[in-house]
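Structure first, then comments.
Excluded from the calculations below are hydrogen atoms, water molecules and symmetry mates; all remaining heavy atoms, backbone and side chain alike, are included. Since the model is a prediction, treat every value here as computed from it, not as a measurement.
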Amino acid sequence: MERAGPFRLRIASTQSPFEALHGRAAATIHRRLLESFGETGPGASLAPHPTAQHILDAPNQQLRAAGLSQNKMQALRDLAAKTLDGTVPTLQQVRRMSDAAIIEHLTQVRGIGKWTVEMFLIFRLGRPDVLPVSDYGVRKGFALTFGKLKPEDKVTPMDLPKPDVMEKRGEKWRPWRSVASWYLWRACDLAAGKALQPE
């Protein structure tokens, strides 16, 4: 903590869950997809973010032209359908829900697992008590900090802690496990000799 400095994390919380989760596509694909729903070219304003209904109504050819694979297309359409049927809550609803309830709702969407929702909780909603025990960086940071892993070691699966070991230690960090996760990610950066940048 001394070497990484004060906790600093920028939260991007103005997007709806649909927009935030839809935006998980690679930046180029995401840009192309946004452009396909509006005018482009010099002087054109940035296309508005397509709604769930826009995604459902879009022909497969339009989504493929943006660079989406069949799998990603099906996942995006499922996200859109589940946004319209209320499975994916609105930003206003999600702000009043528990972390566990958000995970339960969003993991019903094709292609969205617990890790994705945990990243959403930390980086989009700024939830303070999330410990993503399946995240490689968090696991590696834990091994560097509390295990026998040295910065110069080549990491093997045997070096990484099991989720139950991390959860047990993580109990001491409640209700600030997101902050602990941030520092575990910084432990990886420090071990790699990276200059620490604000999130």
- Task: Would you kindly confirm whether V155 and F146 end up in one hydrophobic cluster when ILVMFWY residues are joined by side chain heavy atoms under 4.5 Å apart?
- Result: no
- Task: For the pair D159 and D153, evaluate side-chain contact (heavy atoms from CB on, under 4.5 Å) and give the outcome as yes or no after the intermediate values.
- Result: CA-CA 10 Å; D159 295 318; D153 292 345; 5.5 Å; no
- Item | ILVMFWY network linking L33 to L56, side-chain heavy atoms under 4.5 angstrom | no
- Message: Run E171 and K168 through salt bridge (Lys or Arg N to Asp or Glu O under 4.0 Å) and show every step you take.
- Response: CA-CA 6 Å; E171 286 303 313; K168 185 175 180 185; over 6 Å; no
- Task: Using a 4.5 Å cut-off on heavy atoms from C-beta on, say whether the side chain of L91 contacts that of L125.
- Result: yes
- Message: Using side-chain contact (heavy atoms from CB on, under 4.5 Å), reason through I112 and D78 one step at a time and then give a plain yes or no.
- Response: CA-CA 10 Å; I112 295 180; D78 190 50; over 6 Å; no
- Message: Before you tell me yes or no, could you show the steps for T87 and D85 under side-chain hydrogen bond (donor to acceptor under 3.5 Å, both in side chains), namely the whole-Å CA-CA distance, both residues' side-chain angles and the distance that decides it to 0.1 Å?
- Response: CA-CA 6 Å; T87 302; D85 75 14; 2.7 Å; yes
- Message: Under 4.5 Å between side-chain heavy atoms, counting indirect links through other Ile/Leu/Val/Met/Phe/Trp/Tyr residues: same cluster for V117 and L9 or not?
- Response: yes
- Query: So, for V109 and A75, which heavy atoms are closest and what is the spacing to 0.1 Å?
  - Reply: CG1-O, 4.3 Å
- Message: Under the side chain to side chain contact (heavy atoms under 4.5 Å, CB included) test against C188, which residue among K140, K194, R139 passes?
- Response: K140
- Item | Heavy-atom pair of closest approach, residues L131 and S181 | CD1-OG, 3.5 Å
- Query: What's the spacing between S69 OG and K72 NZ if we round to 0.5 Å?
  - Reply: 6.0 Å
- Heavy-atom side-chain contact between L190 and L144 under 4.5 Å: no
- Minimum side-chain heavy-atom gap N71-R110 below 4.5 Å: yes
- Atom CE of M158 and atom CG of L149: how far apart are they, to the nearest 0.5 Å? 13.0 Å
- Item | Geometric class of the F7/Y183 ring pair [parallel <30°, tilted 30-60°, perpendicular >60°] | tilted
- Mind checking the CG-CG spacing from L79 to L21? Nearest 0.5 Å is all I need. 6.0 Å
- Shared hydrophobic cluster, L160 / V138 (ILVMFWY, side-chain heavy atoms < 4.5 Å): no
- Message: Quick check for you: to the nearest 0.5 Å, what is the distance between M1 atom CE and T145 atom OG1?
- Response: 11.0 Å
- Message: Checking F120 against R127 for the side-chain contact (heavy atoms from CB on, under 4.5 Å) test, could you report, in this order, the C-alpha distance in whole Å, the side-chain angles of both residues, the deciding distance, and whether it holds?
- Response: CA-CA 9 Å; F120 174 74; R127 294 292 175 98; over 6 Å; no
- Same apolar cluster (I L V M F W Y, side chains within < 4.5 Å links), I102/I11: yes
- Residue pair R169 / M166, side-chain heavy-atom distance below 4.5 Å: no
- Task: Flag yes if more than 12 heavy atoms outside Q92 fall under 6.0 Å of its CD atom; otherwise flag no.
- Result: no
- Message: I'd like to check M97 versus P89 (side-chain heavy atoms, cut-off strictly below 4.5 Å). Are they in contact?
- Response: yes
- Task: Show the numbers, then the answer: is there a side-chain contact (heavy atoms from CB on, under 4.5 Å) between V88 and L106?
- Result: CA-CA 6 Å; V88 174; L106 297 184; 3.8 Å; yes
- Query: With side chains defined as the heavy atoms from C-beta onward, is the minimum distance between I122 and P132 less than 4.5 Å?
  - Reply: yes
- Taking all atoms of both residues into account, what is the closest heavy-atom pair of Q62 and S36, and its distance? NE2-OG, 2.9 Å
- Query: Do P50 and L34 come close enough that some side-chain heavy atom pair is under 4.5 Å?
  - Reply: yes
- Message: For a quick test of reading the model, state the closest non-hydrogen atom pair linking R77 to N60 and the distance between them.
- Response: NH2-OD1, 2.8 Å
- Which distance, rounded to the nearest 0.5 Å, do you find between the CD of Q74 and the CG of L68? 11.5 Å
- Task: Identify the two heavy atoms, one from G137 and one from D135, that lie closest to each other, and give their separation to 0.1 Å.
- Result: N-OD2, 3.0 Å
- If every non-hydrogen atom of R32 is compared with every non-hydrogen atom of A66, which pair is closest and at what distance? NH1-O, 3.0 Å
- Message: Within a 6.0 Å radius of atom CD on E2, are there more than 12 heavy atoms belonging to other residues, nucleotides or ligands?
- Response: no
- Could you state the interatomic distance from CZ (F37) to CG (D57), rounded to the nearest 0.5 Å? 8.5 Å
